[in-house]
Amino acid sequence: MESPYKYGNGRHEGLDLLRILAMLMIVFWHFYMHALQRDLDGTGVYTFASTAVSLANYAVTEWLALLCSICVNVYVLITGYFLLEKPFRFGRILRVWFQALFTGAVIVLLFCLLQPEQHHFGEILSSLNPFRYGGYWFVKCYVRLLLVSPLLVFVAHRLSYKGYVVVLLLMVLTGTTVAADFPFGYRFPFRSGFSLPWFCYLFLTGCYLRRFPLPNWASRFSVFFAVLTFTAAAWCLPGCFHGGTLSPAVSLQVFAYNGVSYFLSVLFFGCFAQLQLSSARLKGMVAAVGPLTFGVYLLHDHELVRQWLWYDGVAWQQMFGNPWFPMLMISVSTGVFVLCLGADYCRRQAFAYVGIDRLLARLGGFFDRLLSRLVRQFGKLS
């Protein structure tokens, strides 16, 4: 079944816009998780007086966090959607790997120059291999997903509609966690959505949405359903006051990538998959900004930048009692997003000037030809 969601040069205006919004959500998410010093296991405690302003800020930030928890899932859904109809290319993996390697090395070198007393030189070798470095977990998992994507595409193309529905239902039953122990979300190796098996589930979901798009009525009202879901989940968040401190005890069932976020991600994806931008200028802006969003992640979530930005620079949690805190959170997150876009634009221009992109394309083509020969030789032997 041919997808109706297409526009020039194999790009998709609605999904390009969704990619941009998802990266902005990632910055908000990191502000929430790191600037407010909330542990991923939900044991963080807000150490401020229990005031009406604090409670209001708590409700707003919890709602924003729930909204932004779809961010990683959306990226992988988009990948599955597009790669279903594209041949496997090593060049994709090389571009992702080299950009992560380059960005990590530049950040470490910059910190070595600005903070020589901190002895960052020992971290240079670690940053040269981002797949063994402490950060960039998404890059590690994403590259592994690209390596197994040919197998996933092979399966997605050969499933019938009914067979695909059965597979997705099994995925939901075995891979999601929407309530305590429902039923295997913490028993199977999905790590709350931080693992390769979960990325494969998302990839297959994206392929399904390419072959069998959501009906118009579902996409048209997806945002409405999402708002209702957010509202219901927000009422269920187990926040309460204890001894002058607010202990939200955030549950992984709500904030895990393989929890409620999975269903919200599919709804938002369906909505943007049918979105068409009427302005040619807006289309051009979206098409220009979309490819830069990956650089936003690499720049602002490097381990050293994360420590400086969210932990060492400002005592963000102490501002939680300010009535303007939600606006501060939005302004800071948007500012980080815009600055990182500008920095990655400069990186992209430098790559084009030096010819790195052409070199990676040639190297990727060499590996593709080598793989093709190996496949042909294997076919003759079999």
Side-chain angles (χ1 to χ4, degrees), residues 1-29 63-86 138 142 145 156 164 168 193 199 201-231 233 257-297 330 333-334 337-338 341:
M1 180 178 179
E2 184 179 358
S3 171
Y5 311 139
K6 292 183 179 180
Y7 78 115
N9 299 323
R11 303 291 296 275
H12 188 297
E13 54 192 283
L15 296 183
D16 275 349
L17 180 59
L18 180 58
R19 182 186 291 112
I20 296 171
L21 293 177
M23 183 52 66
L24 182 58
M25 288 179 178
I26 287 177
V27 182
F28 278 106
W29 177 259
W63 190 89
L64 280 174
L66 184 59
L67 170 65
C68 295
S69 65
I70 72 172
C71 52
V72 170
N73 290 350
V74 163
Y75 256 83
V76 184
L77 287 173
I78 293 174
T79 301
Y81 180 91
F82 282 113
L83 291 192
L84 179 68
E85 302 298 335
K86 291 185 178 181
F138 177 81
Y142 191 76
L145 174 68
Y164 221 137
L168 291 180
F199 272 39
Y201 278 14
L202 291 171
F203 187 95
L204 288 174
T205 303
C207 293
Y208 172 86
L209 294 173
R210 182 68 180 265
R211 290 191 59 195
F212 313 106
L214 292 177
N216 291 338
W217 65 266
S219 299
R220 188 179 303 125
F221 295 104
S222 60
V223 173
F224 172 72
F225 292 144
V227 170
L228 288 182
T229 306
F230 290 145
T231 305
Y257 294 137
N258 66 332
V260 176
S261 300
Y262 171 72
F263 305 99
L264 300 183
S265 303
V266 173
L267 289 174
F268 267 78
F269 187 95
C271 180
F272 280 85
Q274 296 206 15
L275 178 64
Q276 295 183 354
L277 304 178
S278 57
S279 171
R281 178 176 297 182
L282 182 58
K283 284 185 181 180
M285 292 176 58
V286 169
V289 173
L292 302 175
T293 54
F294 182 60
V296 175
Y297 163 74
I330 293 173
S333 300
T334 304
F337 176 80
V338 173
L341 279 181

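Keep in mind that the numbers below use all heavy atoms, side chains included, and drop hydrogens, waters and symmetry copies. Since the model is a prediction, treat every value here as computed from it, not as a measurement.
- Looking at heavy atoms from C-beta onward, Tyr201 lies out of side-chain contact with Val76 at the 4.5 angstrom threshold.
- Asp16 approaches Val286 most closely through the heavy-atom pair CB-CG1, 3.3 Å.
- Ring orientation note: the planes of His12 and Tyr81 are nearly perpendicular, at an angle over 60° on the 30°/60° scale.
- Side-chain contact between Phe263 and Leu267 is absent, with no heavy-atom pair separated by less than 4.5 Å.
- From Phe203, atom CZ reaches atom CG of Leu77 across 10.5 Å, with rounding to the nearest 0.5 Å.
- Here Tyr142 contributes atom OH and Tyr297 contributes atom OH; the two are 12.5 Å apart, rounded to the nearest 0.5 Å.
- Panel note: side chain Asn73, backbone Tyr257; a donor-acceptor pair is recorded below 3.5 Å.
- Ring centroids of Phe199 and Phe138 are separated by less than 6.0 Å, placing the two rings close together.
- Closest of all the heavy-atom pairs between Leu18 and Phe269 is CD2-CA, 4.0 Å.
- Here CG of Leu202 is found 11.5 Å from CD1 of Ile78. Values are rounded to the nearest 0.5 Å.
- Taking every heavy atom of both residues into account, Leu67 and Met25 meet most closely at O-SD, 4.0 Å.
- Between the Thr293 side chain and the Val289 main chain, no donor and acceptor come within less than 3.5 Å of each other.
- Residues Ala65 and Trp29 approach most closely at O-CZ3, 3.2 Å, considering heavy atoms.
- Across every non-hydrogen atom of Leu24 and Thr334, the tightest pair is CD1-CA, 4.1 Å.
- Using bins of under 30°, 30° to 60° and over 60° for the plane-to-plane angle, the ring pair Phe272/Phe268 lands in the parallel bin.
- Side-chain contact check for Leu275 versus Glu13: every heavy-atom pair is 4.5 Å or farther apart.
- Here the CG-CG distance, from Leu168 to Leu204, works out to 7.5 Å after rounding to the nearest 0.5 Å.
- A 4.5 Å side-chain heavy-atom check between Arg210 and Phe82 finds at least one atom pair inside the cut-off.
- Pairing each heavy atom of Cys207 with each of Ala156, the nearest pair is CB-CB, 3.7 Å.
- With a 4.5 Å cut-off on side-chain heavy atoms, Phe337 and Ile26 do not count as touching.
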